[in-house]
Amino acid sequence: MITVKLPDGTPLELPDGATGAEAAAAIGPGLAKAAVAAVVDGEMRDLALPLADGEAIELVTKKSGDAYLYPMRHTAAHVLAEAVQRLFPGTSFAFGPPIEDGFYYDFELPRPLTEDDFPAIENEMRRIAREKAGLSRSVMSIAEADAFFSEAKQPYKVDQVRELASQGETEVSIYQQNDFTDLCRGPHVHTTGEIGHIKLMSVAGAYFRGDSDNTMLTRVYATSFPTKAELDAYLERIELAKARDHRRLGRRLDLFTFDDAGPGFPFFLPRGWSSSTRSAPPCVRARPARLRRDRDPTILSEDLWKRSGHWEHYRENILHRGRRRRYAVKPMNCPGAALVFRSRRRSYRDLPLRLAEFGHVHRHELSGVLHGLFRVRAFTQDDAHIFCRLDQVKDEIQAVLDLIDRFYARFGFTEVHKLLSTRPAKAAGTREMWDRAEDALREALEGREYTLNEGDGAFYGPKIDFQVTDSMGRRWQLGTCQLDFSMPEKFDLSFTSEQDTDERPVMIHRAVLGSIERFLGILIEDCGGDFPFWLAPEHARVIPVSDRHHDYANTVRHTLVERGLRVDVDARSESMGRRIRDGEVGKVPYLLIVGDREVESGQVSVRARRGEEVGSRTLADLTKELAALASGDASA
RNA sequence: GCCGGAGUAGCUCAGUUGGCCAGAGCAGCCGCCUUGUAAGCGGCAGGUCAGGGGUUCGAAUCCCCUCUCCGGCUCCA
């Protein structure tokens, strides 16, 4: 006998070798019929697999919510593949897993596929769904599976069978519905009729196994939801996100632009740059006593980058050009900071030396990866490099962690995810150095929640990355805090210790917002262009009712501008309705209407975004309120 | 870089069995209107149809090359 634990904690006794299906049957016939999979110790499994003593099991049914999506979409992927098999004979099949918002399947097709083919494929999928074909699971030995898929001319499946064999598997599971047979771990729903409401989303290229040395396959992205309402809600969410696309808003709100003269190099318009520069200085101001500003050259000799190790590890991304001596445009700020450190003899009394720089870096990025402000070829890092002794590392890192938490909260990002990334395959420096650095980071993180990201460190050292979740639930990588024993060695950095010996400092690289450009893009999408007041490119706009109110309108503007507020007057000869609309569309936080009544009483009629009634204020009160709003938020 | 799609006025887009001087709305400019909380009216101007080559009596439209953009893959902040 074995005993498994049910979700409510009750134990369930079963005979040896009992399967998930038998567990369901033991609980009740209704469940036996409804169950499609079992979550065993957190892992989704087919009901046909045997359970072991002591395992915690949870049976998945249509009522299981998100857990049900996995087998449902997995089956939908098989149905997609079967539809493609019917419509495009000769297709080879690769992988087709469920993913975050749906599923995909990778094919090698006899001809290119376009979205014009979607209706036909969707119709075929619906036809297969109506057939309600059962999915049957079977097991083959490696040899049988190899022979079967070789015979079926499915090279990617054969490849996967051999891959599994090399991992020590002796048999593989196979799922079949109608004439479609797939190598698959499962689990699946019972029939093709239970794939929910489906929609094909897009077609894209994808390398087999994600390796750019492999052939490029055709990937069809699709999604499915149990009900039509859920599918529609999802599609609506996509539309909403599209309306917030920072590339669209950036153009409409006059924030930034791109030009063919420099693909991937953003041009910031005055309105855009005021927002992005304003988002940064508080970061530096946050600890005036701790940070010292510096600034290094943008272009430096290639030899420098050879010495720093960037040439070896990062050459593809460095833009360079030279006449007699070869120069390179800096892709990172760290070697410059190392040179600043080395500019004179350093003492232990100088440490920790914290240099902050808003470095404008350039990197060559492959044309296909450029994407609005999210991925560009020139960007500004709110960078800092801290030079310190090994025994100061923990305190310094913890101070950075604190700073980052506080700073993100200021922008409304309270959900901060921390990732500790360790030694990558291609790394500079010795194993011992890496171990010491990783230990130091782990120690600094003690007591905080974080996840381990094995092998994803920078080439010069391990790092802690920071991700925030925006208002739409998307996760973005922002800041980073990296420990570096390698750069100080490359540049032979040293300081004189209390004992009058030469010691090597440790270097900490950190960025809070990461790329200012990217952060602005995230911010635009997070707020949909409705910037928080303190960040708005234009705090308020004065709208005089008619020509005779222009003088008063200018007085209002002057008064507010004197207090450091960004205010314009819209004195165009357009109707009021029109000027108010333009203010709304331009997302100006406050529209200040002034006509006869206001001139007489020395007041201003205030309209907030989306017509929200604020009422009238005297000019003095309004000035005080807005000034408080601007500075209050910024230092909150 | 790779796969697929696209590129017509500053922006959003019409314009395909190849055929008169290539169209609209918005934005721009000029005028009129002098306005009370989300688009007042009229006029003008604006295009080497991404660039280059080819097919044709004739190309925005068909073919080839290059560039850029979009969706992915790889990479990454």
Side-chain angles (χ1 to χ4, degrees), chain A residues 104 106 108-109 111-117 201-221 242 245 247-248 251-252 254 257-264 314 316-317 331-332 361 363-383 456 458 463 465-467 476-480 482 509 511-519 521-522 543-550 571-586 591-598 605-614:
Chain A
Y104 68 79
D106 287 343
E108 186 170 50
L109 291 146
R111 69 155 171 92
L113 200 70
T114 74
E115 297 197 3
D116 295 338
D117 296 308
M201 301 300 293
S202 61
V203 56
Y207 298 110
F208 180 56
R209 294 192 189 286
D211 185 337
S212 56
D213 290 335
N214 287 339
T215 41
M216 171 76 63
L217 304 171
T218 303
R219 173 172 299 180
V220 175
Y221 282 96
K242 235 184 245 173
D245 191 312
R247 291 167 298 185
R248 184 192 289 247
R251 177 175 287 293
R252 240 186 52 206
D254 266 334
T257 186
F258 287 90
D259 190 277
D260 280 359
Y314 207 69
E316 296 293 298
N317 293 79
M332 293 188 191
V361 296
R363 297 179 183 178
H364 178 69
E365 298 290 353
L366 298 178
S367 57
V369 307
L370 300 176
H371 181 100
L373 292 180
F374 291 157
R375 194 68 186 279
V376 293
R377 285 177 171 149
F379 61 98
T380 313
Q381 287 180 313
D382 59 335
D383 217 348
D456 207 31
K463 59 178 181 173
D465 285 327
F466 302 87
Q467 299 179 338
W476 301 98
Q477 157 94 45
L478 295 182
T480 182
Q482 314 178 344
H509 310 241
V512 176
L513 302 181
S515 151
I516 302 297
E517 285 76 358
R518 197 166 102 110
F519 186 72
I522 292 166
I543 298 181
V545 172
S546 79
D547 287 357
R548 64 178 178 279
H549 309 117
H550 285 183
R572 288 176 304 160
S573 162
E574 293 286 353
S575 70
M576 256 193 68
R578 173 50 180 276
R579 285 175 291 155
I580 284 168
R581 179 170 196 279
D582 287 347
E584 286 282 353
V585 170
L591 299 179
L592 311 175
I593 318 290
V594 295
D596 287 337
R597 291 201 291 272
E598 286 73 23
S605 167
V606 183
R607 177 193 162 111
R609 286 193 264 229
R610 279 172 290 279
E612 193 197 318
E613 200 61 49
V614 176

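Proteins come first, then strands; the chains are lettered A, B, ... in the order of their sequence lines, and each starts at number 1.
- In the interface, the side chain of Glu598(A) is paired with the base of rG36(B) through a donor and an acceptor atom under 3.5 Å apart.
- Applying the 3.5 Å distance criterion, the base of rA38(B) shares no donor-acceptor pair with the side chain of Arg609(A).
- Summarising the local packing, CD of Glu316(A) is surrounded by 12 or fewer heavy atoms from other residues, nucleotides or ligands at distances under 6.0 Å.
- Computed from coordinates, the Glu574(A) CD to rA27(B) C1' distance equals 11 Å when rounded to whole Å.
- For the atom pair OH (Tyr104(A)) and CZ (Arg219(A)), the distance works out to 4.0 Å, reported to the nearest 0.5 Å.
- Across Leu513(A) and Asp382(A), no two heavy atoms sit closer than the pair N-OD2, 2.8 Å.
- You'll find a donor-acceptor pair under 3.5 Å spanning the side chain of Ser605(A) and the base of rU37(B), going by distance alone.
- Within 4.0 Å of Ala204(A), counting heavy atoms only, lies at least one base atom of the nucleic acid.
- Look at rC2(B): its Watson-Crick or wobble partner, with both distances under 3.5 angstrom, is rG72(B).
- Partner Asp245(A) forms a salt bridge (charged side-chain N to carboxylate O under 4.0 Å, His left out) with one of Arg248(A), Arg247(A), Lys242(A) and no other, that one being Arg247(A).
- Base contact: Glu365(A) has a heavy atom under 4.0 Å from a base atom.
- In this structure, Tyr221(A) does not count as stacked on the base of rG72(B) under the 5.5 Å centre distance and 30° plane angle limits.
- At a threshold of 4.0 angstrom between heavy atoms, the contacts of Arg247(A) are confined to the sugar-phosphate backbone, with no base atom among them.
- Among the heavy atoms of the strands lying under 4.0 Å from Val376(A) is at least one base atom, whether or not backbone atoms are also near.
- Spacing between rC3(B) and rC64(B) at atom P, rounded to whole Å, works out to 15 Å.
- Checked by distance alone, Arg252(A) brings no side-chain donor or acceptor within 3.5 Å of a matching partner on the base of rC11(B).
- Using atom C1' as the reference point in both rU12(B) and rC69(B), the two lie 15 Å apart (nearest Å).
- Side-chain N/O atoms of Arg581(A) and base N/O atoms of rA39(B) include a donor-acceptor pair closer than 3.5 Å.
- Taking every side-chain heavy atom of Val369(A) into account, rG1(B) is the closest of rU68(B), rG1(B), rU37(B).
- If you check rG36(B) for Watson-Crick or wobble pairing at under 3.5 angstrom, you find it has no partner at all.
- Distances were taken from every side-chain heavy atom of Thr114(A) (C-beta onward) to each of rG71(B), rG4(B), rC69(B); the shortest belongs to rG4(B).
- The partner of rG10(B) is rC26(B), by the rule that a Watson-Crick or G-U pair needs both atom distances under 3.5 Å.
- Judged by distance alone, with hydrogens and angles left aside, Tyr207(A) brings a side-chain donor or acceptor within reach of the base of rG1(B), the pair sitting under 3.5 Å.
- Using a 4.0 Å heavy-atom cutoff across all strands shown, Ser367(A) reaches at least one base atom of the nucleic acid.
- As judged by a 4.0 angstrom heavy-atom cut-off over every strand, Gly611(A) is placed among residues making no nucleic acid contact.
- Taking the six-membered ring for Trp and the full ring otherwise, the centers of Trp476(A) and Phe519(A) sit at least 6.0 Å from each other.
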